[in-house]
Amino acid sequence: GPPVVTIYPDTSFLVSFLAGWERHHALAMAWFRPRSEAEWLISPWAEFETLNILRQMCREPNGPPPNRVEAVRRYWRHLFRAGPFVRRPVDWLATTAGCQELSAAFSVRQRMRSADTLHIAILDQILPDLFVTSDGNQHALALARGFESEKYR
């Protein structure tokens with residue numbers, strides 16, 4: 001068959017996709033459905049940051065109870081076993097060197113939050129066919145770095 005498309009989603013996408021209570025959940029699901037056969041590559045950073053943000057949501061007024069976030073974590077673990085999510089390891093020294101290179105090349109011209117820059121540096125190792133985000137700064141940096149990138153909202 002045709003080669004499998006690989007997608008690296010950033011944390012904004014993953015939070016919206018996983019959290020049924022999140023305001024952009026329907027948009028993330030609508031973006032995901034036609035691409036559900038793709039291989040969704042997840043870095044250790046994306047996995048940690050996503051779970052941390054979901055847990056932090058419990059602290060917000062009218063946020064989810066911790067047991068709901070735990071249920072989402074278990075569901076995501078299932079999606080790693082059953083697909084389409086696949087963990088991809090990264091070389092952290094190479095990642096931080098990539099962050100330094102990105103900063104030197106682009107940070108005087110465009111906004112680059114450190115955590116977001118990590119995702120773009122990770123792209124150099126994971127080499128997905130497509131990067132998906134809702135963050136305009138991250139999208140611009142991915143494009144500037146030469147990656148295919150789409151905003152899902």
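This structure is a prediction, so every number in the text was calculated from the model and none was measured.
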Do [X] and [Y] belong together in a cluster built from hydrophobic side chains that touch within less than 4.5 Å?
| X | Y | answer |
| --- | --- | --- |
| V86 | I122 | yes |
| L143 | W31 | no |
| I7 | M29 | yes |
| F80 | V15 | yes |

Residue pair [X] / [Y]: nearest heavy atoms and the distance that separates them:
| X | Y | value |
| --- | --- | --- |
| Q110 | A140 | NE2-C, 3.7 Å |
| Y8 | A46 | OH-CB, 3.7 Å |
| S149 | H139 | OG-ND1, 2.8 Å |
| L102 | A121 | CD1-N, 3.6 Å |

Does [atom1] in [X] sit with more than 12 non-hydrogen atoms of other residues, nucleotides or ligands closer than 6.0 Å?
| X | atom1 | value |
| --- | --- | --- |
| E148 | CD | no |
| R81 | CZ | yes |
| E60 | CD | yes |
| Q125 | CD | yes |
| Y75 | OH | no |

Report the distance from atom [atom1] of [X] to atom [atom2] of [Y], rounding to the nearest 0.5 Å.
| X | Y | atom1 | atom2 | result |
| --- | --- | --- | --- | --- |
| L27 | E22 | CG | CD | 9.0 Å |
| T50 | W76 | OG1 | CH2 | 4.0 Å |
| D116 | Q138 | CG | CD | 4.0 Å |
| H24 | R153 | NE2 | CZ | 3.5 Å |
| L123 | L141 | CG | CG | 9.0 Å |
| E47 | R77 | CD | CZ | 11.0 Å |

Going by heavy atoms in the side chains, are [X] and [Y] under 4.5 Å from each other?
| X | Y | answer |
| --- | --- | --- |
| C99 | I120 | no |
| N52 | Q56 | yes |
| R73 | L51 | yes |
| F85 | L14 | yes |
| R145 | D124 | yes |
| V90 | W45 | no |

Open item on the list: Could you check whether F147 and F131 have their ring centres less than 6.0 Å apart?
Closed with: no

Open item on the list: Which residue in the set D10, D135, T133, T11 passes side-chain hydrogen bond (donor to acceptor under 3.5 Å, both in side chains) when paired with H119?
Closed with: T11

- [ ] Decide side chain to side chain contact (heavy atoms under 4.5 Å, CB included) for M57 and W21; before the verdict, give the C-alpha distance in whole Å, the side-chain angles of both, and the deciding distance to 0.1 Å.
- [x] CA-CA 10 Å; M57 289 175 146; W21 63 87; 3.4 Å; yes

Does [X] use its side chain to pair, donor to acceptor, with the backbone of [Y] at less than 3.5 Å?
| X | Y | answer |
| --- | --- | --- |
| S107 | A104 | no |
| R59 | R55 | no |
| S16 | A28 | no |
| T6 | E39 | no |

Open item on the list: For F32 and W40, take the angle between the two ring planes, folded into 0 to 90°, and tell me which bin it lands in: parallel under 30, tilted 30 to 60, perpendicular over 60.
Closed with: tilted

Task: Aromatic plane relationship, F13 with F17 - under 30° parallel, 30 to 60° tilted, over 60° perpendicular - done: parallel

